[in-house]
S.K.: 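Mind looking over this structure? Questions follow.
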Amino acid sequence: TATATYALTQADIDAGVVNNTATVDGTDPNGDPVTDSDPHEEPVPQVNTVDLDKLGTLDLGADGIANPGDVITYTLTVENTGNTTLTNVALSDPLPGIVIGPLSDLGGDGADVLAAGAVETATATYALTQADIDAGVVDNTATVDGEGPQGQPVTDSDPHSEPMPQVNTVALDKVGTLDLGADGIANPGDVITYTLTVENTGNT
């Protein structure tokens, strides 16, 4: 008997199997060759998984209150938590108006390829609407999708709720003017005219 060892490569894991054939050769007493071969197929367990982590930061601007157009910046962190190479990796988010940038290409193997154990990031931006401020929160869910080496689908999602600081205030300014009439003195029936100015001083 003899033993042999072989160290797996990433290509073997991505293939999901190691195929090889050993051969024995010799000669019989008459000098004639004798030989036999035996193939072996060793399945390699694949783990095709991905993880998405999403964080959001709201920039309130110089005035410190939420206004339409203020921007939420999201940081999207994608990790290949399996042992295979993932391809066609892409981020999506159904929030209307969100703009998602490309994943970083830290491995130099393409922005849509994620090596086993690799971590890449992307940023996304979203401009607030008045409806968001009135709702008091922006809820959305980002999703990462990709494929394992044999086209196996992999996916993960991460929701995020960004609270909207609401300012619910109103101001009333009232000015009155008395019309004294032609005689210039106050008499019953002379009229005071008021001007009432109402301003929404909040952001809702």
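These values consider heavy atoms only, across backbone and side chains, with no hydrogens, waters or symmetry-generated copies. Position 1 is the first residue of the sequence, and the numbers go up from there.
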S.K.: Without swapping roles, check the side chain of N140 against the backbone of I98 for a donor-acceptor pair under 3.5 Å.
M.R.: no
S.K.: Could you name each residue pair satisfying side-chain hydrogen bond (donor to acceptor under 3.5 Å, both in side chains) that touches residues 26-35, not counting sequence neighbours?
M.R.: D25-T35
S.K.: Please give me the minimum heavy-atom distance between N19 and E41, naming the atom from each residue.
M.R.: OD1-CG, 2.9 Å
S.K.: Is it the case that the side chain of S104 and the backbone of T121 share a donor-acceptor pair, with hydrogens and angles ignored and the cut-off at 3.5 Å?
M.R.: yes
S.K.: Over all heavy atoms of both residues, which pair between T49 and N80 is shortest? Give the atoms and the distance, please.
M.R.: O-OD1, 3.3 Å
S.K.: Can you measure from CD (Q46) to OG1 (T85) and round to the nearest 0.5 angstrom?
M.R.: 10.0 Å
S.K.: Do the side chain of D38 and the main chain of D36 share a donor and acceptor less than 3.5 angstrom apart?
M.R.: no
S.K.: Could you verify whether a donor N or O on one side chain and an acceptor N or O on the other, from D132 and Y126, lie under 3.5 Å apart?
M.R.: yes
S.K.: Check step by step if side-chain contact (heavy atoms from CB on, under 4.5 Å) holds for D93 and I100.
M.R.: CA-CA 8 Å; D93 194 315; I100 302 176; 3.8 Å; yes
S.K.: Check each of T84, V44, T87, T9 against D14 using the side chain to side chain contact (heavy atoms under 4.5 Å, CB included) test, and report the only one that passes.
M.R.: T84
S.K.: Between T155 and V144 (side chain of the first, backbone of the second, donor and acceptor by atom type, cut-off under 3.5 Å), is there such a pair?
M.R.: yes
S.K.: Find the distance between CG (L103) and CG (L76) and round it off to the nearest 0.5 Å.
M.R.: 8.0 Å
S.K.: State the CG-CG distance between N67 and L128, to the nearest 0.5 angstrom.
M.R.: 8.5 Å
S.K.: Over all heavy atoms of both residues, which pair between A15 and Q150 is shortest? Give the atoms and the distance, please.
M.R.: O-NE2, 3.8 Å
S.K.: N203 side chain to A66 main-chain N or O, any donor-acceptor pair under 3.5 Å?
M.R.: yes
S.K.: So, taking the atom named OG1 in T125 and the one named OH in Y74, what distance separates them when rounded to the nearest 0.5 Å?
M.R.: 10.0 Å
S.K.: Which heavy atom of E162 sits nearest to which heavy atom of G56, and what is that distance?
M.R.: OE1-O, 3.4 Å
S.K.: Between the side chains of S161 and D139, does any donor sit under 3.5 Å from an acceptor?
M.R.: yes
S.K.: What is the minimum heavy-atom distance between T23 and S37, and which atoms define it?
M.R.: OG1-OG, 2.9 Å
S.K.: To the nearest 0.5 Å, what is the distance between CD1 (I65) and CG (L60)?
M.R.: 8.5 Å
S.K.: Please walk me through it: do N20 and H40 pass side-chain contact (heavy atoms from CB on, under 4.5 Å)?
M.R.: CA-CA 6 Å; N20 67 316; H40 180 78; 4.2 Å; yes
S.K.: Going by side-chain hydrogen bond (donor to acceptor under 3.5 Å, both in side chains), name the pairs with one or both residues in residues 165-176, residues two or more places apart or in two chains.
M.R.: N168-T204, T169-T201
S.K.: Distance-only, no hydrogens or angles: does the D70 side chain make a donor-acceptor pair with backbone N or O of G64 under 3.5 Å?
M.R.: no
S.K.: For L52 versus L91, what's the shortest heavy-atom pair and its separation?
M.R.: CD1-CD2, 4.0 Å
S.K.: Side-chain atoms of residues 105-120: list all donor-acceptor pairs with protein atoms under 3.5 Å, sequence neighbours left out, distances to 0.1 Å.
M.R.:
residue: D105; atom: OD1; partner: G108; partner atom: N; Å: 3.1
residue: D105; atom: OD1; partner: D109; partner atom: N; Å: 3.1
residue: D105; atom: OD1; partner: G110; partner atom: N; Å: 3.1
residue: D105; atom: OD2; partner: G110; partner atom: N; Å: 3.2

S.K.: Treating D158 as the side-chain partner and K54 as the backbone partner, does any N or O pair qualify as donor plus acceptor under 3.5 Å?
M.R.: yes
